[in-house]
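The figures that follow rest on heavy atoms only: side chains count, while hydrogens, waters and symmetry mates do not. Being a predicted model, the structure only gives us computed values, none of them experimental.
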Amino acid sequence: MFEAIAARLPRVLKLDDPVFGEIGNDERATTQAIAVTALAGVIGSLTSEGNLLTNILFGIILFPIFLFIWTGIVYLVGKMFGGQATYSQLLRPIGYAGAPFALSIVPVIGWLAGLVYSAIIQIRAVTQVNQVSQGAAMATVLIPMVIFVVGFFILAVLASIALFAGLSSIGS
């Protein structure tokens, strides 16, 4: 398994278009994709605050869960744009596209760089595996990504407002 990851991951990171079809059509690559996602999650969370073991478990468990959910979203949006791939065919290259999240080991800017690089890889992967235009692939990846980021931002703002409102009522 690790030999296949070592052979494919540099090609994914270099945006070598044929590799996305290879990964998408290789049923053995499902485990590889999950491993790449989990490893990137573990590496990216090493500098996070909190318990090291908790951070490692977060990477191993939550990143793959998010991979399955995110792939489902991309799959459904992709179908609206004429996508041809199955869920599994998308899961594999999208899992590999999670590798840049290892950059999250660099505080703040690493997460953003990982998100942008992952989006670029996902767009190339969706173009190849879903057999759609680059514009359709961009819409397939970026529409849910923007909704997710904006939604996360809104929740963070609302949580901050609630926290500050709660703290100000304590002093009253």
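- Side-chain contact between I5 and Y96 is present, with heavy atoms from C-beta onward closer than 4.5 Å.
- Under the 4.5 Å side-chain contact rule for hydrophobic residues, L76 and M80 share a cluster.
- Criterion: ILVMFWY side-chain heavy atoms under 4.5 Å apart, direct or through other members. Under it, V150 and L112 are not part of a common hydrophobic cluster.
- Counting heavy atoms of neighbouring residues, nucleotides and ligands inside a 6.0 Å radius, atom CG of L155 exceeds 12 of them.
- The ring pair (Phe, Tyr, Trp, His ring centres under 6.0 Å) test applied to F58 returns F63, not counting sequence neighbours.
- Contact record, A125 with P93: CB-CB, 3.8 Å, taken as the closest heavy-atom pair.
- By the ring pair (Phe, Tyr, Trp, His ring centres under 6.0 Å) test, F148 is found to be paired with F66, residues two or more places apart in sequence or in another chain being considered.
- In this structure, T37 contributes its side chain and G95 its backbone to a donor-acceptor pair below 3.5 Å.
- Transitive grouping of hydrophobic side chains (ILVMFWY, heavy atoms separated by less than 4.5 Å) keeps V77 and V146 in distinct clusters.
- I73 approaches P144 most closely through the heavy-atom pair CG2-CB, 3.5 Å.
- In this structure, the separation between CD on Q128 and CD1 on I23 is 11.5 Å, given to the nearest 0.5 Å.
- Side-chain atoms of I121 and F20, non-hydrogen and from C-beta on, do get closer than 4.5 Å to each other.
- Of the possible donor and acceptor atoms, none in the side chain of S118 sits under 3.5 Å from a partner among the backbone N and O of P100.
- Under the 4.5 Å side-chain heavy-atom criterion for ILVMFWY residues, a single connected hydrophobic cluster contains both I65 and L90.
- Linking ILVMFWY residues whenever their side-chain heavy atoms come closer than 4.5 Å, directly or via other members, places V42 and L67 in the same cluster.
- Judged by distance alone, the side chain of K79 and the main-chain N or O of A85 form a donor-acceptor pair under 3.5 Å.
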Could you go step by step and tell me if V36 and V12 meet the side-chain contact (heavy atoms from CB on, under 4.5 Å) rule? CA-CA 12 Å; V36 168; V12 166; over 6 Å; no

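- In this structure, V132 and A136 approach most closely via the heavy-atom pair CB-CB, 3.8 Å.
- The neighbour count for M145 CE, taken as heavy atoms of other residues, nucleotides or ligands under 6.0 Å away, is above 12.
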Evaluate side-chain contact (heavy atoms from CB on, under 4.5 Å) for I143 paired with F81, printing each intermediate quantity in order. CA-CA 12 Å; I143 289 172; F81 289 99; 4.1 Å; yes

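- Annotation: side chain of L115 is in contact with side chain of V149 (closest heavy-atom distance under 4.5 Å).
- How far CG of L142 is from CD of Q122: 9.0 Å, rounded to the nearest 0.5 Å.
- T47 contributes atom OG1, which lies 10.5 Å from atom CG of L52 (distance to the nearest 0.5 angstrom).
- Checking side-chain atoms of N51 against main-chain N and O of T54 turns up a donor-acceptor pair under 3.5 Å.
- Atom CD1 of I123 sits about 7.0 Å away from atom CD of Q134, to the nearest 0.5 Å.
- Judged by distance alone, with hydrogens and angles left aside, the side-chain atoms of S45 form a donor-acceptor pair with the main-chain N or O of N55 at under 3.5 Å.
- Scanning all heavy atoms of the two residues, the minimum distance from Y75 to Y87 falls at CE1-N, 3.5 Å.
- Distance check, rounded to the nearest 0.5 Å: CG of N25 to OG1 of T86 gives 8.5 Å.
- For the side chain to side chain contact (heavy atoms under 4.5 Å, CB included) test with Q89, the passing option among V129, T30, N130 is V129; the others fail.
- Using a 4.5 Å heavy-atom cutoff, the side chains of I56 and L46 are in contact.
- Side chains of R8 and D26 form a contact here, defined as non-hydrogen atoms less than 4.5 Å apart.
- Between the side chain of R92 and the backbone N or O of A29 there is no donor-acceptor pair closer than 3.5 Å.
- Under the 4.5 Å side-chain criterion, counting only non-hydrogen atoms from C-beta, R11 is in contact with P18.
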